[in-house]
Amino acid sequence: MNLYIYNTLTNKKERFVPHNHDEVNMYVCGPTVYSEPHIGNARAALVGDLFFRILSELFGNVTYIRNLTDVDDKIIIESDKLGVDINTLTEDITRVYQANMLKLNMLKPTHEPKVTENIDNIIDTIQKILDNKSAYIAENHVVFDMESFSQYGALSNKKSEDLIDGARIKPESYKRNPKDFVLWKPSSHKSCGWDSPWGYGRPGWHIECTSMIKNIIGNDATLDIHGGGNDLIFPHHENEIAQGSCCSSSHYCNFWFHNGIVLVDKKKMSKSLGNVILVSDILEKENPIIVRIALMSAHYRQPLNWTQDTINNSRNIYEKIISSLDTVSSTTTERDSKFIDLLCDDLNTPNALQYIVKQARDAKKDSSVMPKLRYNCGLIGIKSDEGIIDESLTHKIESLISLREAARKNKDYVEADRLRDVLSDMSVTLNDGPEGVSWKIKH
RNA sequence: GGCUAAGUGGCAGAGUGGUAAUGCAGCGGCCUGCAAAGCCGUCAACGCCGGUUCGAUUCCGACCUUAGCCUCCA
């Protein structure tokens, strides 16, 4: 069983081979913790989660790293705006992010490094780049020297001459070349700065990822897979490759995957358009597994247009699957290689969902299919998530149902329908089956 | 302007060198006191123009359109 991944580096779907037989390491760019996670953050994390799951299925030892960027200009601006301490802000947002991802049934990454806990490592990495003569010091900044890395642009297919100097990139007095980027910069902020060989300051945007990766997998190890949103390809990942190649003797990373962004009204979700959808807001009204299915309903490299239809569609899929899963209480599972093959084709989740929906229907007629269905749902993180219904509420619902049953028995259908309306207002759906009445809470 | 991806029925979204899944919606039926659900059946689509081919929606090329990146962004 081979896993194929579309590699941004080559613009081709390629067979994935780990650097070291059955050992895999993967890094996915996590959020900058300055505002509550939105559905786009969740999508990136979900793609990472799915790769983690399928890699764990296929290979023995998978290290999954997802960082938390807690040092950044945006954080400082936001904390000033809100009048809260930087640490309070980043810790609050981190907590919300982790709780949200957990609700969406994502597995905990092997490592979740934070910038603030890796300053020494970052300083080390920058020193290595300086030692390698790939960076220079100017006006208290450490700046990466683009001249030192000839392969720049390989990931995003940008030619150096296309990056019209100064046209988009702000030329700074301390830069020799407008395309150079900052590894370390001075800080005037009391609670956001650290002492370094180059003075009190803080790291630039790109260096943290490279440094934290190297710290975990080893400075001269190659990363197997690196992923993130496709808006990070340039300049962030391009810059990472430059740094990572100039602080170590090894190739930086073999496979790059990039997920498409989430669109709202066919436009990129952005603060300026005011169309940001927060995960917390969605989870207030939607079952998290339905949201998870919605995020899987499009192929990860395609843009995903987030609409009420997306949710409705996913709710339907969820209910079809769960209604089948709930029919048997056994928990046996059976590996389904046909299903795994679908996921191995560059994570084809729309096809995988289709397969599961069909399987759920089959399982209702043929219980021998059930162990495979159960296994497949577990693999991609679909589970029954009814939540715990309050005992007294259950009692109330069931007594209303028996009143209705009595009315039906007396052919008092006016009263029976009235009671059904009462229950419906409580979000309870009734199903009069041949073996009695069943009910469930509407999602 | 450069780079990347994509254009499939009313909507969402797979897939294929020999006319195309699935879900929602629609229509007909079974079931039901009614309904919901479920089940069965059914209607309906491959941006445009060339090329290769016995044959293309699928491969190649041009064009048009859309989204994203080129500035912080998952």
Side-chain angles (χ1 to χ4, degrees), chain A residues 6 8 11 28-32 34-35 37-48 66 69 72-74 77 97 153 155-159 161-164 167-170 205 227-238 258-263 266-272 276 293-305 307-321 323-324 342 345 348-358 361 364-365 407-414 416-417 420-421 424 429-434 437-440 442:
Chain A
Y6 183 92
T8 312
N11 285 126
V28 175
C29 282
T32 300
Y34 72 108
S35 65
H38 55 247
I39 195 72
N41 293 311
R43 188 180 197 196
L46 178 69
V47 174
R66 188 181 68 199
T69 297
D72 186 87
D73 289 346
K74 291 192 292 290
I77 293 166
Y97 178 80
L155 183 70
S156 56
N157 285 307
K158 291 192 189 306
K159 295 188 187 82
E161 56 267 31
D162 290 342
L163 297 165
I164 310 154
R168 296 280 195 161
I169 306 164
K170 210 162 79 185
W205 173 33
N230 73 186
D231 48 359
L232 294 180
I233 296 173
F234 186 90
H236 185 234
H237 289 162
E238 203 70 80
H258 290 96
N259 61 275
I261 53 166
V262 177
L263 307 175
K266 308 223 170 184
K267 288 279 174 206
K268 181 175 177 176
M269 210 177 355
S270 71
K271 292 210 161 169
S272 54
V276 173
I293 290 171
L295 290 169
M296 291 194 285
S297 67
H299 183 88
Y300 79 90
R301 283 193 287 117
Q302 296 310 120
L304 174 62
N305 200 23
T307 64
Q308 191 55 46
D309 280 352
T310 313
I311 297 281
N312 293 344
N313 221 356
S314 304
R315 180 180 301 115
N316 213 284
I317 290 171
Y318 172 80
E319 280 172 0
K320 275 197 187 332
I321 297 169
S323 68
S324 185
L342 294 176
D345 179 17
N348 195 335
T349 50
N351 246 357
L353 285 173
Q354 169 205 339
Y355 183 91
I356 284 190
V357 169
K358 274 187 175 166
R361 188 184 301 150
K364 281 180 180 168
K365 297 175 198 157
R408 287 180 74 207
K409 216 171 177 179
N410 294 331
K411 300 207 191 293
D412 182 358
Y413 296 122
V414 174
D417 289 350
R420 177 162 55 200
D421 288 344
S424 176
T429 306
L430 296 180
N431 186 356
D432 303 332
V437 185
S438 64
W439 62 275
K440 62 181 176 182
K442 263 182 270 180

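A quick note: this is a predicted structure, and the numbers were derived from the prediction, not measured. Side chains are part of it too, since the values below use all heavy atoms of this structure and drop only hydrogens, waters and symmetry mates. Protein chains get the first letters and strands the later ones, always in sequence-line order, with residue 1 at the start of each.
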Base, sugar-phosphate, or nothing for A/N348, non-hydrogen atoms under 4.0 angstrom? sugar-phosphate
Indicate whether OP1 or OP2 belonging to B/A67 is found under 4.0 Å from a side-chain N or O atom of A/K267.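 Result: yes.
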Name all residues meeting the side-chain contact (heavy atoms from CB on, under 4.5 Å) criterion together with [X]; count only those two or more places apart in sequence or in a different chain, and write none if there are none.
X	answer
A/S156	A/K158, A/I233, A/F234, A/E238
A/N316	A/K320
A/I261	A/N230, A/D231, A/L263, A/K268
A/N41	A/P31, A/P37, A/H38, A/Y97

Modelled atom types, side-chain donor and acceptor of A/N11 and A/N157, under 3.5 Å: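 Judged by distance alone, the side chains do pair up.
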Could you check A/D417 against A/N351 and say which one's nearest nucleotide on RNA chain B is further toward the 5' end? A/N351
Using the salt bridge (charged side-chain N to carboxylate O under 4.0 Å, His left out) criterion, which residues pair with [X]? Sequence neighbours excluded.
X	answer
A/D432	A/R404, A/R408
A/D309	none
A/R361	none
A/K267	none

Output one line per pair: protein atom, nucleotide atom from nucleotides 37-47 of chain B, and distance, for all N/O pairs under 3.5 Å.
from: B/G38; atom 1: OP1; to: A/K320; atom 2: NZ; distance (Å): 3.4

Produce the list of close N/O pairs, under 3.5 Å, pairing protein atoms with atoms of nucleotides 4-6 of chain B; give distances to one decimal.
from: B/A5; atom 1: OP1; to: A/Y6; atom 2: OH; distance (Å): 2.7

Expected output check: what is the dot-bracket annotation of RNA chain B, where ( ) and [ ] are pairs inside the strand (brackets for crossing ones), | is paired with another strand, and pairs are Watson-Crick or G-U under 3.5 Å? (((((((..(((.....[...))).(((((.......)))))....(.(((..]....))).))))))))....
What pairs of nitrogen or oxygen atoms, one from the protein and one from nucleotides 58-62 of chain B, lie under 3.5 Å apart?
none

Would you find a donor on one side and an acceptor on the other, under 3.5 Å apart, between the side chain of A/T310 and the backbone of A/T307?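 Indeed, once roles are kept as given, a pair shorter than 3.5 Å links the two residues.
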